[in-house]
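Below: one structure, written as structure tokens.
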Amino acid sequence: MQIKSSREPLFHLVKRDKIPWWKAWLIRIGAILLALVACAVISELITGVKPKDLFTTILHSWFGDADYREKFSIVQNRKFWILLQETAILLCVALAVTPAFKMRFWNIGAEGQVLMGCLASAGCMLLIGDSVSPSMLLVIMFIAAVVAGAIWAIIPAIFKAQWNTNETLFTLMLNYVAMQIVAYFCIEWAPSNGSNVVGVINRDLETADGGNYGWLPNIFEGFVKDVERPRMPEYAHIILIVLVLTALMFIYLRYSKQGYEISVVGESENTARYIGINVKKVILRTMLISGAICGIAGFLLVSGIEHTIAMDTVGGRGFTAIMVSWLAKFNPFVMIVTSFLFVIMDSGASKVATDLRVNESFSEVLTALIIFFIIGCEFFINYKIVFSRRNGKKLVSASNAVTSSDNDNSK
Amino acid sequence: MSDNIAIELKGITKTFGSIVANDNVDLKVYKGEILSVLGENGCGKTTLMNMISGIYFPDKGNIYINGEEAHIASPKDALNYKIGMIHQHFKLVDVFTAAENIVLGLKKDYKSANGNSRFKTMFKTGADLAKESIVSLSNKYGFDIDPEKKIYQMSVSEKQTVEIIKVLYRGADILILDEPTAVLTPQETEKLFEILKKMRDSGKSIIIITHKLHEVMAISDRVTVLCKGKHVDTVKTSETTPNALAEMMVGQKLSLNIYRGDPVNPEERLVVKNLNCVSREGVKILDDVSFTAYSGEILGIAGIAGSGQRELLESIAGLQKVHSGEITYNDPTTGKVENLRDKTPMQIRNLGVRLSFVPEDRLGMGLVGNMDIVDNMMLRTYGKGGPFFLHRKNPKKLAEDIVERLSVSTPGISTPVRRLSGGNVQKVLVGREIAASPTVLMAAYPVRGLDINSSYMIYNLLNEQKEKGVAVIFVGEDLDVLIELCDRIMVIGSGHITGIVDGRRAEKNELGILMTSSKKYDENLTDEEGTTDAN
Amino acid sequence: MVSIASVIQRALVQSAPLLFGSTGEILTEKSGHLNLGTAGTMYVGGICGVIGAFFYERSIPDGGTLNPFLAIIIPLICSIIGSLIMGLIYCFLTVTLRANQNVTGLALTTFGTGIGNFFGGSLVKLVDSDVASVNFSRTSELYRAYLPFADNLGWFGQIFLSHGFLFYLGIVLAIISTFVLNKTAKGLNLRAVGENPATADAAGIRVNLYKYVATCVGSIISGLGGLYYVMEIGNWSNDGFGDRGWLAIALVIFAVWKPNFAILGSILFGGLYIAHIFIPNISASVSELIKMLPYAVTIIVLIVTSLRRKRENQPPAHLGLSYFREER
């Protein structure tokens with residue numbers, strides 16, 4: 001329904017019905033290119049960095065510079081594998097928030113949920129450390145992390161389902177409650193040297209096969225032969241775990257009954273009622289899953305990468321993951337691309353900051369700038385600008401003329 | 001006489017795509033009179049009024065206000081011409097008070113501050129300042145309103161009062177009310193009419209859109225009847241009768257040549273007894289409804305939109321809370337009698353009751369717009385089979401089958417249904433509901449917005465089901481269709497049944513009178529006749 | 001032993017940035033927009049003030065005196081321009097381009113903290129200055145100047161009169177916002193936009209204009225909170241602003257979307273924020289738990305308001321949703 005005003009506006013907006021996928025991606029890629037141009041211009045203006053330097057530095061941040069690349073093959077290229085591992089962790093958190101978002105439940109509390117998972121894992125490492133077998137410890141850590149993440153997610157879900165409490169604000173607040181709880185334990189657990197930093201946990205507590213208690217073992221150790229100092233095995237297991245998780249999430253959302261229910265509830269609660277889906281049950285179950293995967297991410301972070309806990313262990317990934325998931329339109333496989341995009345943007349920008357001797361926070365500015373462009377371009381995918389009637393008619397007739405003449409030519 | 005005309009429409013035509021909503025309509029409203037605009041659903045009443053109130057702009061024709069040509073391009077323009085419309089769906093902010101809603105969008109009225117200095121009035125809200133004029137306005141016409149009351153605490157009739165005062169406060173001389181009594185109790189309606197008469201006597205022009213004949217007779221000075229977008233006639237109320245109006249409203253009988261077989265071996269399938277439902281606002285929406293649906297027949301339900309048809313179907317389907325009464329189902333395979341009242345759709349299905357329901361809101365309720373045809377096929381059946389995985393094989397087959405058999409025009413079965421045209425959406429929905437091989441099939445307005453071919457396809461599908469021994473309940477709005485398709489036609493008016501007639505013998509104007517009558521149908525007198533006819 | 005007066009005084013100092021932040025955010029949310037970028041906007045408001053002060057002080061030769069008027073007005077204008085730009089970015093994306101508000105807000109926070117820390121960390125380097133750190137102590141002194149006789153009035157002076165002008169501006173802005181929202185026609189229109197944009201539209205209110213103005217004015221007020229903070233501290237340290245931006249958003253809920261409630265709420269939050277300093281015999285770890293209190297209290301308020309279902313205390317009905325007239 002269109003309400004016409006007496007001063008006819010120059011154009012009005014129409015929601016697009018459909019757009020071919022390639023066109024949508026063309027718009028997105030265009031937006032990223034524009035964003036890069038904007039980044040280059042702003043960098044040059046503020047810091048005097050030349051665009052060419054900017055982009056080569058970004059490239060170097062991914063694979064190392066020419067010397068480095070010559071020296072190390074892809075299996076040995078540590079920078080590259082760290083990049084992939086970083087992607088995997090971000091992807092894992094993004095996977096966690098996706099089912100909730102698909103249900104239109106705005107869970108922006110992934111940061112806190114992951115952090116609680118981290119806390120539970122670290123706590124197990126410290127408290128029961130060597131009193132159980134190494135493999136048993138890993139299992140306990142995993143379960144503890146999953147439960148902690150799930151509890152942190154189910155609290156707002158209960159209130160949402162029962163009393164319709166605003167979940168965006170609730171989950172946001174829980175993030176900071178979680179951070180302070182972690183801060184409390186960090187000090188409690190810190191070695192009594194006054195530093196208030198937990199430090200690497202179980203560094204000296206080695207298991208029989210050379211690993212550390214509660215550290216995720218490198219199952220790919222010795223997998224790559226014939227290469228000197230291969231780096232790949234150090235990172236591959238986490239990447240593999242998350243890839244499996246991605247596939248599982250895709251299957252869950254696309255091929256399972258529960259995933260189907262999530263989509264129906266998200267699309268239309270009225271339809272859910274019509275076919276007899278228990279909406280409250282779906283909300284609770286979905287948030288349990290969401291929180292549990294956040295817990296897994298926390299477990300991977302502590303057991304597989306950091307081996308310690310601090311307030312900033314999650315480092316804003318919970319928030320970035322929201323953008324990753326949203327930009328991928330909640331498709332787990334597309335999320336591989338978007339999370340990789342975020343990680344390479346971030347690493348590129350940090351490298352620019354250090355190499356070109358500007359403050360490291362410049363990376364955040366560049367990253368945010370690119371995000372703005374990507375967010376903004378969605379508009380041109382969802383809406384169409386229609387120019388006012390008179391002009392529009394002219395346009396239509398003009399394009400008709402073109403098509404008809406085209407047809408004539410083809411004949 | 002001519003300078004007594006408040007507003008005049010000449011040759012108004014409005015089309016939406018290929019549908020002509022108004023075709024060369026003329027209309028005159030005098031100062032100080034109440035004019036009823038009467039017509040069936042979809043006859044173009046609301047569209048016509050929307051052009052006066054600035055929501056649509058006519059394709060052809062002119063509007064004259066006080067004898068001068070007027071261009072009304074927006075609701076604001078309409079207000080400048082002192083025209084105000086009270087829509088069926090109120091536009092009010094729930095958490096605001098009545099007074100706040102009334103002054104919304106206006107500047108503070110310092111004049112009403114009674115000579116207080118501007119500084120003093122600065123600390124008063126616009127609503128406070130307007131309170132006095134609101135109260136005097138409501139006293140003038142006999143409204144009963146508390147300007148401080150919040151909208152969310154109000155009954156529907158109070159909300160309507162706020163809307164009317166809002167329009168009056170903005171200085172409207174021509175008021176248009178779109179089905180104002182649809183949501184009111186009889187007492188409230190009476191009160192509204194008293195007020196409208198007072199407004200008329202003070203020189204305002206009032207246009208009421210309605211399809212309740214007795215109300216037309218009770219309140220209006222003149223009646224304009226529209227039928228299928230065309231102006232039929234304008235008559236003085238004192239010189240006409242309800243029967244004459246009903247005849248004008250329904251128009252000439254059309255022959256549609258819809259096939260109708262005889263019911264075979266009818267059995268009682270669904271029995272509804274003394275069903276009562278109350279809306280959230282406390283208004284009775286279903287009033288003591290009793291009827292029986294037989295297997296192998298099509299039971300039509302006729303009535304003005306919003307008379308309780310939706311609530312009736314939804315309470316059978318387990319979507320509407322029932323206040324009192326019984327809904328029972330006779331299972332043809334087991335012979336058991338199941339009680340359906342207060343059961344959720346899932347529980348009904350688990351009882352083995354094969355109840356299919358084509359709701360009025362196709363994309364908002366019956367289907368999920370953003371899902372493809374295959375996924376929409378699964379909506380009712382996805383729970384079957386193993387505990388975890390969806391099985392898309394059967395739904396896919398079903399989707400292919402429906403697309404082919406009902407010739408749904410779609411790029412493929414993995415196209416989101418939102419992208420299909422209205423007729424194709426309906427084919428997908430009806431196809432799915434029929435595929436469940438139901439024993440009861442309820443369809444609400446299944447041909448609304450469909451072209452002729454698609455409509456006939458739906459009729460054929462319903463007939464097919466009837467032949468299979470399904471009890472079909474068909475809620476329709478086109479009386480011609482109901483008369484040619486249905487074995488029995490039940491007429492519902494303001495929540496109660498006003499009559500059940502044999503489809504083969506029904507007359508159009510008879511139905512029209514039943515639709516607009518307020519008398520309750522006496523079951524004992526005619527029920528027997530209905531059953532024997534069905535046999 | 002610390003006196004009660006000095007505890008209250010320090011709580012008040014902590015409260016001011018939160019009050020600015022939440023007043024701004026309330027105005028924004030009343031238009032139906034949940035701006036999670038407030039944290040970033042406050043950073044930008046702070047750093048822009050710092051930049052203004054830094055360059056003005058540098059332009060004065062050593063030993064010269066600052067013109068008090070310019071020293072105050074330049075950082076103020078810089079801060080306002082900075083946060084206005086943040087508000088415009090948010091509006092353009094969420095109002096004009098109808099982007100998801102949560103995603104945009106989070107990105108804006110990344111952007112804002114990035115800008116703050118970047119300029120805060122490299123301002124000195126960028127201008128090849130020989131000073132070691134970003135120094136604007138003279139400006140900061142002007143901002144903190146208070147009435148000379150306040151010191152003579154004992155505890156009363158310490159609590160109520162020992163603050164710079166921005167402190168009082170914060171309270172005045174909160175009161176003005178309350179007045180505008182509740183008493184003026186424009187305020188009524190703004191609330192209608194946040195509650196039911198379609199109704200507001202039908203009543204002839206220019207919905208998008210209101211959204212833009214409310215969000216931009218809100219951003220400017222939030223940004224002043226950042227300015228107050230840096231001027232109170234007198235130097236810039238990266239991430240020194242901490243989580244005050246999020247605390248301001250929590251305060252909005254705590255104050256149930258009423259700026260006058262936010263005045264009292266901010267004092268309570270300010271007190272809780274530094275409570276751990278004043279509680280005797282407390283371990284460092286427990287003090288971290290005490291820092292959690294403002295958030296925990298906010299959650300309780302959120303739960304209680306949703307349990308009571310009092311319509312006046314709910315978030316604006318259209319909060320977080322974008323409005324498109326032709327969509328039904």
Side-chain angles (χ1 to χ4, degrees), chain A residues 1-3 12-15 46-47 106 108 156 159 163-166 168-170 172-177 179-188 190 196 311 316 319-320 322-323 326-327 353 357-369 371-372 375-380 382-383, chain C residues 34 36 40 89 92-93 96-100 102-104 106-122 125-126 201-202 238 243 246-247 249-250 253 283-286 288-292 294-296 298-299 302-303 305-307 309 315 319-320 324-328:
Chain A
M1 194 165 81
Q2 186 201 345
I3 299 172
H12 70 274
L13 302 171
V14 181
K15 207 154 199 185
I46 296 182
T47 63
W106 282 102
I108 56 174
F159 283 95
W163 295 288
N164 201 22
T165 310
N166 185 317
T168 316
L169 300 171
F170 201 139
L172 180 70
M173 293 301 123
L174 278 178
N175 287 335
Y176 297 96
V177 175
M179 278 184 201
Q180 292 307 327
I181 292 177
V182 168
Y184 167 79
F185 281 107
C186 281
I187 298 173
E188 286 287 303
N196 287 350
M311 255 172 102
F319 294 117
T320 315
I322 294 167
M323 298 185 247
W326 186 78
L327 285 178
R357 278 191 301 269
V358 288
N359 180 286
E360 57 183 20
S361 298
F362 196 59
S363 68
E364 286 170 35
V365 178
L366 293 186
T367 310
L369 212 59
I371 298 171
F372 286 151
I375 296 172
C377 85
E378 291 297 312
F379 171 82
F380 298 96
N382 293 324
Y383 294 90
Chain C
L34 177 65
L36 294 179
I89 294 175
F92 181 69
L93 287 169
T96 305
L97 298 187
R98 292 173 180 80
N100 182 296
N102 293 333
V103 177
T104 310
L106 292 174
L108 199 68
T109 291
T110 313
F111 186 68
T113 46
I115 293 265
N117 290 339
F118 168 69
F119 283 107
S122 51
K125 248 186 274 170
L126 286 180
D201 201 5
N238 277 1
D243 56 357
W246 298 110
L247 212 53
I249 293 177
I253 307 160
S283 68
S285 53
V286 176
E288 292 294 334
L289 283 186
I290 290 173
K291 282 191 204 160
M292 182 176 92
Y295 298 109
T298 301
I299 290 176
L302 190 63
I303 291 171
T305 51
S306 68
L307 283 182
R309 291 174 192 233
L319 184 66
F324 183 48
R325 184 194 275 165
E326 294 177 26
E327 196 168 40
R328 284 193 299 163

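Throughout, protein chains are lettered first and strands after them, A, B, ... in sequence-line order, and every chain is numbered starting at 1.
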Under 4.5 Å heavy-atom distance to chain A, tell me which part of C:Leu36 shows up: side chain, backbone, both or neither. side chain
Could you have a look at C:Leu34, C:Leu247, C:Asn100, C:Thr109 and say which one has the most heavy-atom pairs with chain A under 4.5 angstrom? C:Asn100
What part of A:Ile181 gets closer than 4.5 Å to chain C, counting heavy atoms only: side chain, backbone, both or neither? both
Which atom of C:Glu288 lies closest to which atom of A:Tyr184, heavy atoms considered: CB-N, 3.8 Å
Between C:Leu97 and A:Phe379, the two heavy atoms sitting closest are O-CD1, 3.1 Å
Which atoms of A:Leu169 are under 4.5 Å from chain C, going by heavy atoms: the side chain, the backbone, both sets, or neither? both
Do A:Phe372 and C:Leu108 touch side chain to side chain, with heavy atoms closer than 4.5 Å? yes
Heavy atoms only, distances under 4.5 angstrom: which of C:Thr110, C:Thr305, C:Val103 has the most pairs with chain A? Name it, please. C:Val103
Nearest 0.5 Å, what's the CG-CH2 distance between C:Leu106 and A:Trp326? 11.5 Å
Can you name the closest pair of heavy atoms from C:Ile115 and A:Val365 and give their distance? N-CG2, 3.4 Å
Please classify the contact of A:Glu378 with chain C as side chain, backbone, both or neither, using a heavy-atom distance under 4.5 Å. neither
Top contributor to chain A contacts, counting heavy-atom pairs under 4.5 Å, from C:Ile89, C:Leu319, C:Ile290: C:Ile89
For A:Met173 and C:Thr298, work out which heavy atoms get closest and say how close. SD-CG2, 3.9 Å
Quick one: what part of C:Leu93 sits under 4.5 Å from any heavy atom of chain A, side chain, backbone, both or neither? side chain
Measuring heavy-atom distances to chain C, does A:Thr367 have an atom under 4.5 Å in its side chain, in its backbone, in both, or in neither? neither
Kindly give the heavy-atom pair with the smallest separation between C:Ala296 and A:Val177, and that separation in Å. N-CG2, 4.2 Å
Please name all residues satisfying side chain to side chain contact (heavy atoms under 4.5 Å, CB included) with A:Asn175, sequence neighbours left out, ordered by chain then number. A:Glu111, A:Leu172, A:Phe319
Listed by chain and number, what are the side chain to side chain contact (heavy atoms under 4.5 Å, CB included) partners of C:Leu307, not counting sequence neighbours? A:Trp163, C:Ile303
